[in-house]
Number of protein chains: 2
Amino acid sequence: MSKPHQPRKHARQARARATQEAIVEAAARILEADGASALTTNRIAERAGVSIGSLYQYFPDKRSVIAQLLRRERAALLDDVRAASDGGGDPFAAVGALVDAALRHQFARPAMAMELERVETGLAMDNEEIALAAAIETAIGNILRRLDPQADAATARDVVAICRAIVNTAALAGETDPTRIRERVLRAVIGYLRPPAFSIP
Amino acid sequence: MSKPHQPRKHARQARARATQEAIVEAAARILEADGASALTTNRIAERAGVSIGSLYQYFPDKRSVIAQLLRRERAALLDDVRAASDGGGDPFAAVGALVDAALRHQFARPAMAMELERVETGLAMDNEEIALAAAIETAIGNILRRLDPQADAATARDVVAICRAIVNTAALAGETDPTRIRERVLRAVIGYLRPPAFSIP
DNA sequence: GTCTATATAGAGATAGAC
DNA sequence: GTCTATCTCTATATAGAC
């Protein structure tokens, strides 16, 4: 059998996927290194090693590049959260695993996560993003209800918000020790979930 | 004595101050109504009822308009926090007053506060802003130490972050009842401050 | 001192050669 | 399919009349 000189269809598709992923990852790296204001289509193309024309071959506009990065990150978080909810029966351990997932997600690339959040707020969510966000909220709610039977959608949102806020603030202030931050996040989350025994004035 | 037909110096200064304030408030209203991406110098001038040329008579560049808005908001928060720390001896009441101050600040104009935060992150702080932020942190730390003697700068940052995060998330999700939100913020903050009696896994 | 008109720069996006 | 060159738009900021 001679060497085929025309790539098969799925080989081309694989190459196309790789290029798409390179573009998305280039956007991630720019966010990480230089922030949201540096995220221009020309820079994305340059960093991805393709021309601006090629970028627009793969994505209809800038927004869709960011949207795909968002989907990628959210899908990874969803996987992590679901894995956390599989862990055994101890409710405290489950919440601990949930916090770990959130921290891992936020701490893997803290600057990127922060800048992506900033960009996200200015973007309308499409259907797939809404579905992912809802799935994450549901999965988190399932875990939280093991500790706090009244936990609802607002509870899940608050817990995510607390995790993000403490990690982002710590990262901005130059903290780098995840265990110290984990301890603080857990205190806030557990305290939030279990109504304190003392009275609130 | 005839009607003076030339304004005195401090009258001119007062007019100038009023124009400056009108420009800053116009920026605030644009953030509130249309978000950070709509905050252009032309729109600020238009909304303030002056021409773009006049805006640049009062501010050297766009950044300094935003900076003055930031200073205005931070100074107001500092006043509120200091007032909260004056209240009597009960540490829980003091923390409650602190949370109320933060909520009042964030809830007075939630959309504006959120968008201003977004803009802020992309801006380098000047000396006056750094001083204000430090003063706020110190004042909060003084209150927190009444409940938690180990409270340090990171503690104060975390508490502010928790307040902001829960309020912003709630506002984004369409919640409007401040008392419900206050209860959740207090649970998270008090839980964060007092190490729980049960063990953390 | 306030305006209109405009210079300048950089963004997103497209056209058309190869 | 990928590139270079470029269009178009909109932003910040300035110039110069009044």
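The sequence lines fix the lettering, A, B, ..., with proteins before strands; numbering per chain opens at 1.
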_So, taking the atom named CZ in Arg182(B) and the one named SG in Cys163(B), what distance separates them when rounded to the nearest 0.5 Å?_
10.5 Å
Between atom [atom1] in [X] and atom [atom2] in [N], what is the gap in whole Å?
{"X": "Leu55(B)", "N": "dA11(D)", "atom1": "CG", "atom2": "P", "answer": "14 Å"}
{"X": "Ile30(B)", "N": "dA11(D)", "atom1": "CD1", "atom2": "C1'", "answer": "14 Å"}
{"X": "Glu46(A)", "N": "dG10(C)", "atom1": "CD", "atom2": "P", "answer": "14 Å"}
{"X": "Asp34(B)", "N": "dT10(D)", "atom1": "CG", "atom2": "P", "answer": "16 Å"}
{"X": "Gln20(B)", "N": "dG1(C)", "atom1": "CD", "atom2": "C1'", "answer": "14 Å"}

Any Lys/Arg nitrogen of [X] or [Y] sitting under 4.0 Å from an Asp/Glu carboxylate oxygen of the other?
{"X": "Arg43(B)", "Y": "Glu46(B)", "value": "no"}
{"X": "Arg29(A)", "Y": "Glu25(A)", "value": "yes"}
{"X": "Arg71(A)", "Y": "Asp126(A)", "value": "yes"}
{"X": "Arg118(A)", "Y": "Glu115(A)", "value": "yes"}

*If you look at every heavy atom in Ile162(A) and Val189(A), which pair is closest and at what distance?*
CG2-CG2, 4.3 Å
*Check Thr40(B) against Lys62(B) and note the closest heavy-atom contact, atom names and distance.*
CA-NZ, 4.4 Å
*Among side-chain atoms of Ser64(A) and Asp61(A), is any donor-acceptor pair under 3.5 angstrom?*
yes
*Can you give one letter per nucleotide of nucleotides 12-18 of chain C, 5' to 3': B if a protein heavy atom sits under 4.0 Å from the base, S if only from the sugar-phosphate, - if neither?*
BBB----
*Using a heavy-atom cut-off of under 4.0 Å over every strand shown, decide if Tyr58(B) touches base, sugar-phosphate, or nothing.*
sugar-phosphate
*Between the two ends of the helix from dG1(C)-dC18(D) to dC18(C)-dG1(D), what is the bend in degrees, rounded to 10 degrees, where each end axis spans five pairs?*
20°
*Check whether any side-chain N or O of Ser54(A) sits under 4.0 Å from OP1 or OP2 of dC3(D), and answer yes or no.*
yes
